[in-house]
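Letters go in sequence order (proteins before strands), and every chain restarts at 1. Here the structure is a predicted model, which is why all the values come from computation and not from measurement.
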Number of protein chains: 2
Amino acid sequence: MTTKGGGARSKRSKRNGASPQSVREPRGEPPLSLERIVAGAVELLDAEGLEGLSMRRLADRLGAGAMSLYWHVANKEQVFDLALDSVLEYRASPHVEPRDWRGDVVHMLEDWRASMLRHPWSASLLPRRALGPNILARLELLGKTLSSAGVAQADLNVAIWSLWNHVMGATVTRASFDLSKDDQAAAQQRLAGLSGRYPTIESSRLLLDDDWDGAFRKGLDFLLDGLCP
Amino acid sequence: MTTKGGGARSKRSKRNGASPQSVREPRGEPPLSLERIVAGAVELLDAEGLEGLSMRRLADRLGAGAMSLYWHVANKEQVFDLALDSVLEYRASPHVEPRDWRGDVVHMLEDWRASMLRHPWSASLLPRRALGPNILARLELLGKTLSSAGVAQADLNVAIWSLWNHVMGATVTRASFDLSKDDQAAAQQRLAGLSGRYPTIESSRLLLDDDWDGAFRKGLDFLLDGLCP
DNA sequence: ACCTGAACACCGTTCAAGT
DNA sequence: ACCTGAACACCGTTCAAGT
């Protein structure tokens, strides 16, 4: 009777007595495609976080038998990879004039960060073996912009990775700190309690500063200053 | 009989003599302290990676009953937090002269990165709610150095986080890419196959460039240039 | 071609019980 | 104070079998 938990969890469970299928849309069972799987995974991740995604729960949510996913997908890893890339699609603005390259870069990276913060699980997932097409497209656009802004070919990869690092580091840090404001306050408390062990970051209130957007933007400016003097 | 697997493992396997790992000290069972748990966790993580650490396997490795860990530790999360911090202890060099602050910062951050790369699992663990004493000590030292180098109080937190981001981003990226040289080559292959879809990063060989140390160092220099013009 | 349940080998954690 | 096994509610994945 292990299905009881899963069944109860899935929305609108009407006494699922002897129903052959888990409860799904009252009508029109959809056909279970790769797209539906990925979309469902993103929904589930948004709702329950990284830990909340299991193959069984995902299948249940899609109204499919527990093991049906494995026809469309090799394993759970792949579901993660696909969900991650799907969330990083970049809808570039029409963007007629290649005027302000610096503004372009800032905009691209702020959009990148914002996309990930909209799905906080993506942050801890990103530095991943599989770089999907959307991630590659973002890297390509970044590289192209930097290149046309005059970054030397020899410095290009370093510049790309440095900006990538800034986005990843800032996003991952923010996503994990944001989830626990209380812990944050507790940490600062602890700092204070240890009176004098960490005087600098205590007095700068490093752990309480929650202007993440500003810090991201200012840090990015510093980095771009160094990259393109 | 789901216990069969676990039972067979924990019964101090007398017959599977060739097992290099699960065998414990034949004599003198030690007393199972917090320190031993943390040390064992680090060993297990080093040997088997993030997925390889389970409470049961850890207990087995320590020669303890499966559930004994829970007397010393609240849950698995805490084991992760403790293992992570334990790996980030900073043995600062005596360091008499506060001469070259820039060199000091570079040294600190390279040590930080090296410590994490020695235990690749730590990279994907770090941006974590609990900042242990060793992590805080590193942040403190970094802040102090920057501050005494003349970074304005108003910019201090931004500077610290930017450098943190660089270390975290670079380390996580490197740790995950390093684990899959083949995938990396395959990715570049794929890039080439898509002829023209990603021309810039294809021609810069972004995915094949494996001078991680150099990229980290150069990116850090750019960042420091921007931070302290 | 697509989906399925049963089965296998695991998990983390609780708990009453042992010493 | 410290440790234990059994039990509970889960996992990912394989596989023979269904349609």
> Rounded off to whole Å, could you give me the CD-to-P distance for the A/Glu51 and C/dC11 pair?
16 Å
> Give the C-alpha distance, both sets of side-chain angles, the deciding distance and a yes or no for side chain to side chain contact (heavy atoms under 4.5 Å, CB included) between A/Ser122 and A/Leu88.
CA-CA 9 Å; A/Ser122 69; A/Leu88 286 174; 5.8 Å; no
> Run the salt bridge (charged side-chain N to carboxylate O under 4.0 Å, His left out) test against B/Arg217 and tell me which residues pass, sequence neighbours left out.
B/Asp221
> Strictly below 4.0 Å, N to O, side chains only: are A/Arg113 and A/Asp213 in salt-bridge contact?
yes
> Check the distance between C/dC2's C1' and A/Arg36's CZ and give it to me in whole angstrom.
14 Å
> Residues two or more places apart in sequence or in another chain: which of them pass salt bridge (charged side-chain N to carboxylate O under 4.0 Å, His left out) with A/Glu43?
A/Arg61
> Can you list everything that forms a salt bridge (charged side-chain N to carboxylate O under 4.0 Å, His left out) with B/Asp85? Sequence neighbours excluded, please.
none
> Using the six-membered ring wherever Trp is involved, compare the ring planes of A/His107 and A/Tyr90 and label them parallel, tilted or perpendicular (cut-offs 30° and 60°).
tilted
> Can you confirm whether the side chains of A/Thr173 and B/Trp164 place a donor and an acceptor under 3.5 Å from each other?
yes
> Which parts of nucleotides 12-19 of chain C does protein reach within less than 4.0 Å, heavy atoms only, written one letter per nucleotide 5' to 3' as B for base, S for sugar-phosphate only and - for none?
BBB-----
> When the distance from CG of A/Leu58 to P of D/dC10 is rounded to whole Å, what number comes out?
17 Å
> Are any of A/Trp71's side-chain N or O atoms less than 4.0 Å away from OP1 or OP2 of C/dC3?
no
> B/Leu34 has an atom CG; how far is it from atom P of D/dC2, in whole Å?
11 Å
> Go through DNA chain D and write down every stem, that is, every run of at least three consecutive Watson-Crick or G-U wobble pairs with distances under 3.5 Å, as range with range.
C:4-8 with D:12-16, C:12-16 with D:4-8
> Would you tell me if any nitrogen or oxygen in the side chain of B/His72 comes within less than 4.0 Å of OP1 or OP2 on D/dA1?
no
> Could you tell me how far apart B/Ile37 (CD1) and D/dC2 (C1') are, to the nearest whole angstrom?
11 Å
> Which residues satisfy the salt bridge (charged side-chain N to carboxylate O under 4.0 Å, His left out) test with B/Asp111, sequence neighbours excluded?
B/Arg138
